[in-house]
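This report refers to the structure that appears directly beneath it.
On a predicted model such as this, the values are computed, not experimentally measured, just so you know. Computed over heavy atoms, backbone and side chain alike; hydrogens, waters and symmetry mates excluded. Residue numbers start at 1 and run along the sequence shown.
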Amino acid sequence: MRRWISQICPAVFVLVLLSPKYVLAQWVTWYQFGTQGSYVHQTAHLLLFLSMLFFIYEIYYAHLQKFRGFRLLVWAWALLALWNLDAFVGHWADWTLENPIILGQGWGRRLVMYDFQTWLVYITKIDHFILLVPAFYLFYRGLKALVQEPGGDTHD
């Protein structure tokens, strides 16, 4: 497995390095699709997703899941991995959306949901609390459980 990772990582790095077209990152438009900011942002989501999966793999490879703290950390990292995948898909759907989701100005605004992609954009924007709040709570509980286990540092 480690050999496979050591062979794939350089290839992915080169692919990411060579794939974006030349664009200038501007403060106002850094988040718009096609800018360097959008490529960096999406790459960061993918790298954090992969790092969470790697942490989970290492926990199981080292047989650390027998400790309650590590089990809680595995659940936290799984939720964080899912959130990163959700955010990656949501950004992609938002950047490739042809029509706006919200029409009108002020009190006359209305939400327009006419196809799967607009629903995907809307759902991936409002579901963050469903994944992130439990993930950070489990992360906190996992670290707390590791500290309280025998041999853990209990200094406050």
Side-chain angles (χ1 to χ4, degrees), residues 1-2 4-5 8-9 12-13 15-17 19-20 23 25-104 109-149 152-156:
M1 179 70 175
R2 292 180 192 268
W4 179 77
I5 290 174
I8 294 296
C9 285
V12 169
F13 178 74
L15 179 68
V16 168
L17 187 64
S19 66
V23 290
Q26 300 170 352
W27 179 253
V28 177
T29 61
W30 75 270
Y31 193 69
Q32 292 178 354
F33 181 69
T35 63
Q36 290 173 348
S38 66
Y39 290 120
V40 169
H41 191 87
Q42 288 291 76
T43 303
H45 278 301
L46 287 178
L47 290 176
L48 191 56
F49 170 75
L50 293 174
S51 67
M52 295 297 108
L53 294 181
F54 177 74
F55 286 151
I56 292 169
Y57 168 78
E58 286 295 317
I59 295 267
Y60 282 105
Y61 183 75
H63 303 293
L64 295 173
Q65 70 271 17
K66 61 185 172 187
F67 299 105
R68 180 176 181 269
F70 283 112
R71 285 193 307 273
L72 290 169
L73 287 177
V74 164
W75 280 105
W77 292 332
L79 287 174
L80 285 173
L82 185 61
W83 172 77
N84 274 283
L85 191 60
D86 175 70
F88 181 85
V89 170
H91 292 325
W92 169 82
D94 188 18
W95 289 335
T96 58
L97 192 63
E98 293 179 11
N99 296 320
I101 295 177
I102 299 174
L103 296 177
R109 290 186 298 178
R110 64 174 196 225
L111 191 62
V112 179
M113 309 301 277
Y114 52 88
D115 64 357
F116 175 73
Q117 189 176 6
T118 56
W119 278 98
L120 185 65
V121 169
Y122 187 69
I123 297 296
T124 56
K125 285 191 181 291
I126 65 169
D127 69 347
H128 289 350
F129 72 94
I130 295 171
L131 298 171
L132 287 179
V133 172
F136 284 114
Y137 177 73
L138 290 169
F139 184 72
Y140 165 75
R141 293 293 306 231
L143 292 179
K144 187 175 178 182
L146 286 175
V147 168
Q148 291 175 348
E149 290 198 11
D153 185 29
T154 57
H155 293 90
D156 288 345

What's the spacing between [X] [atom1] and [Y] [atom2] if we round to 0.5 Å?
| X | Y | atom1 | atom2 | value |
| --- | --- | --- | --- | --- |
| Leu132 | Asp127 | CG | CG | 8.5 Å |
| Trp95 | Gln42 | CH2 | CD | 4.0 Å |
| Trp92 | Thr124 | CH2 | OG1 | 10.5 Å |
| Leu79 | Asp86 | CG | CG | 11.5 Å |

Side-chain donor-acceptor distances from residues 58-74 under 3.5 Å, at least two apart:
| from | atom 1 | to | atom 2 | distance (Å) |
| --- | --- | --- | --- | --- |
| Glu58 | OE1 | Arg2 | NH2 | 3.4 |
| Glu58 | OE2 | Arg2 | NH2 | 3.4 |
| Arg71 | NH1 | Gln65 | O | 3.0 |
| Arg71 | NH1 | Lys66 | O | 3.1 |

Discussion item. Assess the residue pair Tyr122 and Thr118 against the criterion (side chain to side chain contact (heavy atoms under 4.5 Å, CB included)); give the C-alpha distance rounded to whole Å, side-chain angles, the decisive distance to 0.1 Å, and a yes or no.
Written reply: CA-CA 6 Å; Tyr122 187 69; Thr118 56; over 6 Å; no
Worksheet item: So do Phe116 and Leu120 actually touch side chain to side chain, heavy atoms under 4.5 Å?
Response: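 Yes; the side chains approach each other to less than 4.5 Å.
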Could you list the donor-acceptor pairs under 3.5 angstrom formed between side-chain atoms of residues 44-56 and any protein atom two or more places apart in sequence or on another chain?
| from | atom 1 | to | atom 2 | distance (Å) |
| --- | --- | --- | --- | --- |
| His45 | ND1 | Asn84 | OD1 | 2.9 |
| His45 | NE2 | His41 | NE2 | 3.1 |
| His45 | NE2 | His91 | NE2 | 3.3 |
| Ser51 | OG | Leu47 | O | 3.3 |
| Ser51 | OG | Leu48 | O | 2.8 |

